[in-house]
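Take a look at the structure below.
Numbering starts at 1 and runs along the sequence shown.
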Amino acid sequence: QVQLVESGGGLVQPGGALRLACQASGGSVDGYAMGWFRQAPGKERERVSCISATDGSIKYAASVKGRFAVSRDKAQNTMALQMNSLTPAATALYSCAPHSRSSCDGEPASWGQGPPVPVSS
């Protein structure tokens with residue numbers, strides 16, 4: 001069973017930066033697009049970004065475009081989210097999860113989502 005675990009969350013001053021990491025273990029997620037998600041209190045979960053499993057193409061939510069950058073290292077079975085120029089709007093619980101197919105057009109899978117980690121700014 002694939003397990004995803006996030007790390008790197010924490011507190012940062014507005015304008016600062018954090019880097020989240022998503023480590024997969026127990027199996028490979030190479031065949032799936034991988035996404036970062038966040039949910040603020042009282043708000044719906046939103047997809048922050050997604051990176052495809054094939055060509056590495058990336059999608060970002062409009063709210064983070066130009067400030068966040070996602071990367072993936074299939075050899076290490078990891079994914080990262082670099083978050084720059086953080087504002088209080090970024091405060092949320094962040095998690096990573098695979099999508100149901102190789103491209104970011106697919107829906108998030110119902111399996112594999114890691115336990116959310118807090119990011120506060």
Side-chain angles (χ1 to χ4, degrees):
Q1 180 68 49
V2 175
Q3 178 68 51
L4 302 178
V5 178
E6 303 90 348
S7 62
L11 297 171
V12 66
Q13 292 293 105
L18 287 173
R19 184 177 178 87
L20 301 182
C22 174
Q23 177 70 63
S25 61
S28 174
V29 293
D30 287 355
Y32 303 95
M34 292 291 295
W36 284 100
F37 302 82
R38 69 182 180 187
Q39 187 168 24
K43 298 186 181 298
E44 298 290 329
R45 191 178 78 146
E46 66 172 330
R47 190 176 74 177
V48 174
S49 66
C50 178
I51 184 168
S52 78
T54 52
D55 61 0
S57 60
I58 295 169
K59 292 184 176 181
Y60 293 101
S63 59
V64 306
K65 189 175 183 179
R67 299 184 296 111
F68 287 16
V70 66
S71 60
R72 185 175 187 174
D73 186 343
K74 289 185 176 181
Q76 298 295 321
N77 218 14
T78 60
M79 181 177 64
L81 182 68
Q82 180 68 42
M83 303 182 292
N84 298 324
S85 302
L86 287 168
T87 71
T91 298
L93 295 175
Y94 286 71
S95 60
C96 61
H99 286 61
S100 59
R101 52 192 269 187
S102 61
S103 81
C104 293
D105 295 329
E107 293 291 321
S110 61
W111 57 271
Q113 181 171 324
V117 295
V119 171
S120 297
S121 180

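- Listed by first and then second residue, the disulfide (SG to SG under 2.5 Å) pairs that reach into residues 65-99 are Cys22-Cys96, sequence neighbours excluded.
- The shortest non-hydrogen separation linking Leu20 to Gly8 is CD2-C, 3.5 Å.
- Phe37 and Val2 fall into different hydrophobic clusters, defined by Ile, Leu, Val, Met, Phe, Trp and Tyr side-chain heavy atoms under 4.5 Å apart, directly or through other members.
- Residues forming a ring pair (Phe, Tyr, Trp, His ring centres under 6.0 Å) with Tyr32 (at least two apart in sequence, or on another chain): Trp111.
- If you take CG on Leu4 and OG on Ser25, they are separated by 7.5 Å, rounding to the nearest 0.5 Å.
- Interatomic distance, Leu93 CG to Ser120 OG, rounded to the nearest 0.5 Å: 8.5 Å.
- Under the salt bridge (charged side-chain N to carboxylate O under 4.0 Å, His left out) criterion, Asp30 pairs with no residue, sequence neighbours left out.
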I'd like a table of donor-acceptor pairs (distance under 3.5 Å, sequence neighbours excluded) in which one partner is a side-chain atom from residues 76-90, with atom names and distances.
residue: Asn77; atom: ND2; partner: Ala24; partner atom: O; Å: 3.2
residue: Asn77; atom: ND2; partner: Gly27; partner atom: O; Å: 3.0
residue: Gln82; atom: OE1; partner: Arg19; partner atom: NH1; Å: 3.3
residue: Gln82; atom: NE2; partner: Asn84; partner atom: OD1; Å: 3.0
residue: Thr87; atom: OG1; partner: Ala89; partner atom: N; Å: 3.3

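- Residue Ser95 comes nearest to Gly114 through the heavy atom pair CB-O, 3.6 Å, listed as atom of the first residue, atom of the second, then distance.
- Residues Lys59 and Ser103 are not in side-chain contact: their nearest non-hydrogen atoms beyond the backbone lie 4.5 Å or more apart.
- For residues 37-88, the set of pairs meeting the disulfide (SG to SG under 2.5 Å) definition, not counting sequence neighbours, comprises Cys50-Cys104.
- Nearest approach of Gly106 to Arg47, heavy atoms of both residues: O-NH1, 4.4 Å.
- Here Met34 contributes atom CE and Ile58 contributes atom CD1; the two are 13.0 Å apart, rounded to the nearest 0.5 Å.
- The two atoms that bring Pro116 and Glu6 nearest to each other are N-OE1, 4.4 Å, heavy atoms only.
- The CD atom of Glu107 sits 7.5 Å away from atom NE2 of His99, with the distance rounded to the nearest 0.5 Å.
- Looking at every heavy atom in both residues, Arg72 comes nearest to Val29 through NH2-O, 2.6 Å.
- Nearest heavy-atom pair across Ala33 and Ser52 is CB-CA, 4.0 Å.
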Discussion item. Please evaluate residues Arg38 and Val64 with respect to the criterion side-chain contact (heavy atoms from CB on, under 4.5 Å), reporting the C-alpha separation (whole Å), side-chain torsions for both, the decisive distance (0.1 Å), and the verdict.
Written reply: CA-CA 12 Å; Arg38 69 182 180 187; Val64 306; 3.8 Å; yes

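- For residues 46-71, no residue pair satisfies the ring-ring contact (aromatic ring centres under 6.0 Å, His included) rule, not counting sequence neighbours.
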